[in-house]
Amino acid sequence: MVSEHRQHTPRVALALGSGSARGWAHIGIIRALERAGVHPQVVAGTSIGALVGAFYAAGKLDVLEPWVRKLTRRDVLGMLDPTLRTTGGLIEGRRLHDFYQEHLAGASIEGLAMPYAAVATTLGRGTEVWLRHGDLADAVRASSALPGVFSPVRRGGDWLVDGGLVNPVPVSVCRALDADVVIAVNLNGDLVGRHMREGAHHTGSGVHPERWLQQLPAGVRSHAQTLVGLWGDWTGARDAERSEAPGVFEVLAGSLNIMQDRITRSRMAGDPPELMLAPRLAHIGLLEFHRAEEAIGIGEAMVERMLPSIQDLLQSGAGDQVR
């Protein structure tokens, strides 16, 4: 009796973590993996990871990448629309949602060429939700609704907010989607313990916020002024001489970093990925979306450094953990 031995090709999944503007590094990681001949068959994402993962799963990364590379600080400020109503967030996010809708063209999650899931959190019950059906753009918007900043999203009887509150790096979701090998990307691994004032943030656009504000209609100028002030607070651009105490968004960002770091560590201990990529991105502020070139380059360099380990892992199927 002759037995046939068939080599098993591992089903590779990407677990793309949360991290706001730092998430443009996901694009560089995906590009570098593809150049190395690694083509993931499954993708799950949280927050900015859900956004990049959605464009990848929809075959639209070639649309997203050139757009983010050209973003200036002025462009970003123009897309962050401060809300005049009580919606649970400082920013309505409609302009961003319009961008998703335009380029994802009403795509449904179940119609994608590969399994995809976005992670969100129910605000009332605090439960983890895996968005695996329905409108792709709506799933991205819900998964990335940072509490207090972007307005929550209504879905059925629940209000949904950022999935980073419960599952910052969705390895468990990839397992549920039948992945053999999970490549996880943790964008927040080097944030906790770093001094909030460390590092000067450059704007990369040459546009001073005050000059940008003067171009706005008088009716929205005061609301935009509040947003610009909060932007500076978050990215560490406040006048250091004004106060040594941390600002509102510095406290919020630091608290979120601590929370997500602790949750990630806990979940990784119980369900570790086969490969963890943790690019060093702490110097990029949460709202510095105009620094895409830098973040993408860091993501590419991370994969290039880890390429021997990645190739060994895939050749051995679902091998030992690599860190």
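Just so it is clear, the values below take in all heavy atoms, side chains as well, and ignore hydrogens, waters and symmetry mates. This chain uses plain numbering: 1 for the first residue, then up along the sequence.
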*Is there a donor-acceptor pair closer than 3.5 Å between any side-chain N or O of Glu293 and the backbone N or O of Arg291?*
no
*Please check if the side chain of Arg73 supplies one atom and the backbone of His290 the other of a donor-acceptor pair under 3.5 Å.*
no
*Roughly how far, to the nearest 0.5 Å, is the CG atom of Leu33 from the CE atom of Met306?*
11.0 Å
*asked:* Donor-acceptor check, side chain of Ser20 to backbone of Leu287, threshold 3.5 angstrom: yes or no?
replied: no
*Spacing of Ile183 atom CD1 and Leu313 atom CG [to the nearest 0.5 Å]*: 7.0 Å
*Taking it one step at a time, do Met302 and Leu281 satisfy side chain to side chain contact (heavy atoms under 4.5 Å, CB included)?*
CA-CA 11 Å; Met302 176 89 254; Leu281 298 157; over 6 Å; no
*Side chain of His26, backbone of Ala50: donor and acceptor closer than 3.5 Å?*
no
*Taking the inter-plane angle between the rings of Trp67 and Trp24 on a 0 to 90° scale, is it parallel (under 30°), tilted (30 to 60°) or perpendicular (over 60°)?*
perpendicular
*Please tell me if the side chains of Ile48 and Arg22 come closer than 4.5 Å, counting only heavy atoms from C-beta onward.*
no
*Distance in Å, Met268 CE paired with Ile263 CD1, rounded so as to fall on 0.5 Å steps*: 11.0 Å
*Hey, are the side chains of Ile298 and Arg280 touching, using non-hydrogen atoms and a 4.5 Å cut-off?*
no
*Steps toward side chain to side chain contact (heavy atoms under 4.5 Å, CB included) verdict (Leu160, Val129)*: CA-CA 9 Å; Leu160 301 184; Val129 177; 4.3 Å; yes
*asked:* Has Ser144 got a side-chain atom pairing as donor or acceptor with Val140's backbone, closer than 3.5 angstrom?
replied: yes
*Are Leu61 and Val52 close enough, and set up right, to give a side chain to side chain contact (heavy atoms under 4.5 Å, CB included), and what steps lead you there?*
CA-CA 8 Å; Leu61 205 58; Val52 176; 4.2 Å; yes
*Check the pair Asp178 / Arg11 against salt bridge (Lys or Arg N to Asp or Glu O under 4.0 Å), numbers first and verdict last.*
CA-CA 8 Å; Asp178 296 326; Arg11 184 176 166 94; 5.4 Å; no
*Given Leu277 and Val303, is the side chain to side chain contact (heavy atoms under 4.5 Å, CB included) satisfied, shown in steps?*
CA-CA 8 Å; Leu277 301 178; Val303 171; 4.1 Å; yes
*Hey, what do you get for CD1 (Ile258) to CG (Asn188), rounding to the nearest 0.5 Å?*
12.0 Å
*Tell me whether Leu104 is reachable from Val153 by hopping between hydrophobic residues (I, L, V, M, F, W, Y) whose side-chain heavy atoms are closer than 4.5 Å.*
no
*Just wondering, do Glu128 and Ser172 contact through their side chains at under 4.5 Å, heavy atoms?*
yes
*Have a look at Met114 and tell me which of Leu177, Val42, Val43 forms a side chain to side chain contact (heavy atoms under 4.5 Å, CB included) with it.*
Val43
*From CD (Gln260) to CZ (Arg267), nearest 0.5 Å*: 12.5 Å
*Ser18/Asp162 under side-chain hydrogen bond (donor to acceptor under 3.5 Å, both in side chains): CA gap, chis, key distance, verdict*: CA-CA 9 Å; Ser18 60; Asp162 198 302; 5.1 Å; no
*Can you find a heavy atom in the side chain of Glu288 that is under 4.5 Å from one in the side chain of His283?*
no
*Does the distance from a Lys or Arg side-chain N to an Asp or Glu carboxylate O, for Asp62 and Arg31, drop under 4.0 Å?*
yes
_Is there a side-chain contact between Ile296 and Val68 in this structure, where contact means two heavy atoms from C-beta onward sitting under 4.5 Å apart?_
yes
*Atom of Ala139, atom of Ala118 and distance for their closest heavy-atom approach*: O-CB, 4.1 Å
*asked:* Measuring only between side-chain heavy atoms, which start at C-beta, is Pro168 closer than 4.5 Å to Asn186?
replied: no
*If you round to the nearest 0.5 Å, how far is CG of Asp312 from CG of Leu307?*
9.5 Å
_For Val119, is there any backbone N or O sitting under 3.5 Å from a side-chain donor or acceptor partner on Thr46?_
no
